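Report on the structure given below.
None of these values were measured; they are calculated from a predicted model. Values below: every heavy atom of this structure, side chains too, minus hydrogens, waters and symmetry copies.
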Amino acid sequence: MSGGVDSLVAAHLLQRQGHDLVGIHFTTGFESQAVDLSSIEDQLDIKIHQLDLSAEFEQRVVDYFVETYARGRTPNPCVVCNRTIKFGVLAQRAKALGAVKIATGHYADTRAGSDGRIALVKGTDGVKDQSYFLAMLTQEQLKQALFPLGRMTKDQVREIARKNRLLPVEAKESQDICFIKGPEFPGFVASRLSKPPSPGNIVLADGTVVGRHRGLHCYTIGQRRGLNSPGPEPYYVKTIDMENNLLVVGGKQALYTTEVAVGDLNWITPPLTSSLKVTTKIRYSHKGAASTLNIENDGTTLVFDAPQLAVTPGQTAVFYRDREVLGAGIIQ
RNA sequence: UGGGGCGUCGUCAAGCGGUAAGACACAGGAUUUUGAUUCCUGCAUUCGGAGGUUCGAAUCCUCCCGCCCCAG
């Protein structure tokens, strides 16, 4: 429980359904100030345990985050946090407290399949749907998961809170990277890199120098802002060349990709073996693109029906069939 | 120190006597459980400088300064 409306309403709904609840609020060590959850405890009349998961968070999420940037890729901390922290360490601790299920305020839904498997499906609220961030969960994790908000919209959630006089302690939506403030970002990553990043040239594909970068860890594929490189058209980051310490940029048309390799596959449905037509989300807030997943012994490739903008290594590609999440992989 | 060309926002660039377009960059905001994208807003009382002509100049004239090219 973060203290926000979502987890608050989720708990309330479970309570109404007759569940016996134990609240858990975990901290990462990066909170700017402690959240006082006593009013939530009073409102729901439950006990909320505070769990300090900073050591685990540091190791599983922050290290991963920094190492990914060190390799010139763009991490997906929320996906990793869900798999390793919320439905990993946190779930284990919850079990120790006697919990048989773990519920969160995610806008996603699960359904029991005929074969005993759990299907992960998009939340009803098309805009808030967070199934993307849960696509790296395993069947084991999904079996314990409850998503009370899966079939409601954000507006309905707010309405429930209002009608039941539930007052969240945290007004703000959780968004952005939860453990770093924007301006501190470059320094945060740089301070944790074994080899300090050095500035270098920003170049076009033909080698023309158009500006200077502040260290390659500051950029991600598809990024436009912050390049400080005026030109005849907006430039976007096309390639992060770690080997030559170059940031290759180009016009928007240079960012489209039709085929990409994916690795570290996680299947929520039974693993597929040949090729399959799927709708793939390249990043959160991506509408999803018609594509074909080709699974072969030497690797898996994803081919889009239409070229996609800024396919970014390190990001999670989530495969959908209609509303169901089939699985996910990491863009290489 | 002969000849020619040019100097307008951080960058590129309109304007050619009637009171400073636009693009890129940048800043702020909206959106977003990924520093992305996208969207909105802002951004030269001033045109290398100093004089002059004119009701009125970035636009015409003079001088100066600074670049560039060709001849040295």
Side-chain angles (χ1 to χ4, degrees), chain A residues 2-7 10 26 28 30-31 57 61-62 64-66 68-69 73-83 85-87 104-108 123 125-136 147 149 154 170 172-190 202 204 208-238 240 247 249-257 281-287 289 308-318 328 330-331:
Chain A
S2 63
V5 251
D6 292 339
S7 53
F26 80 97
T28 61
F30 290 92
E31 291 75 14
F57 189 80
V61 181
V62 180
Y64 147 80
F65 185 79
V66 173
T68 303
Y69 271 115
R73 296 154 63 98
T74 305
N76 217 164
C78 296
V79 169
V80 172
C81 177
N82 281 328
R83 178 180 176 127
I85 303 295
K86 291 180 185 169
F87 289 93
T104 68
H106 282 103
Y107 288 81
D125 188 324
V127 180
K128 292 296 293 182
D129 167 50
Q130 292 167 324
S131 59
Y132 176 88
F133 291 115
L134 300 168
M136 280 295 182
F147 302 120
L149 307 187
K154 184 80 185 188
E170 285 282 287
K172 283 185 291 184
E173 287 280 295
S174 68
Q175 56 182 46
D176 294 329
I177 293 179
C178 68
F179 55 97
I180 324 178
K181 307 290 179 298
E184 300 167 14
F185 178 84
F188 178 87
V189 175
I202 297 179
L204 298 179
T208 307
V209 177
V210 295
R212 294 283 293 173
H213 71 250
R214 300 166 296 152
L216 295 179
H217 66 291
C218 296
Y219 308 89
T220 185
I221 304 296
Q223 178 177 336
R224 169 181 174 177
R225 295 274 152 152
L227 299 181
N228 215 314
S229 303
E233 63 181 331
Y235 291 138
Y236 298 81
V237 175
K238 178 175 161 58
I240 295 174
L247 191 66
V249 302
K252 198 165 193 172
Q253 78 293 335
L255 289 178
Y256 286 90
T257 308
K281 280 180 79 163
I282 262 17
R283 64 200 327 134
Y284 183 61
S285 309
H286 177 221
K287 53 285 170 200
Q308 296 300 302
L309 188 69
V311 179
T312 309
Q315 289 295 291
T316 308
V318 178
I330 303 300
I331 296 168

So what does A:Tyr236 touch, heavy atoms closer than 4.0 Å: a base, only the sugar-phosphate, or nothing?
-> sugar-phosphate
Of B:U37, B:U34, B:A25, the nucleotide closest to the side chain of A:Pro234 is B:A25
With heavy atoms under 4.0 Å as the rule, sort A:Cys218 into base, sugar-phosphate or nothing.
-> base
Verify the contact: side-chain N or O of A:Arg224 to OP1 or OP2 of B:A25, cut-off strictly under 4.0 Å; return yes or no.
-> yes
Please work out if A:Asn76 contacts a base, only the sugar-phosphate, or nothing of the nucleic acid, heavy-atom cut-off 4.0 Å.
-> base
Over how many whole Å does the gap from A:Ile202 atom CD1 to B:U11 atom P extend?
-> 17 Å
Figure out the CD/P separation between A:Gln253 and B:U37, and round it to whole Å.
-> 16 Å
Out of B:U38, B:U34, B:A36, minimum distance to the side chain of A:Lys252 belongs to B:U38
Between OH of A:Tyr132 and C1' of B:U32 the distance, given in whole Å, is 13 Å
Mind checking A:Pro75 for me? I need base, sugar-phosphate or nothing, with any heavy atom below 4.0 Å counting as a touch.
-> base
NA contact type, A:Gly211, heavy-atom cut-off 4.0 Å: base, sugar-phosphate, or nothing?
-> nothing
Sugar-phosphate only, base, or nothing, as touched by A:Lys86 at under 4.0 Å among non-hydrogen atoms | base
Remember a base hit wins even if backbone is also touched, and classify A:Tyr107 as base, sugar-phosphate or nothing at under 4.0 Å, heavy atoms.
-> nothing
Would you say B:U32 has OP1 or OP2 under 4.0 Å from some side-chain N or O of A:Lys128?
-> no
Using a heavy-atom cut-off of under 4.0 Å over every strand shown, decide if A:His106 touches base, sugar-phosphate, or nothing.
-> base
From CZ of A:Phe26 across to P of B:U33 the rounded distance in Å is 16 Å
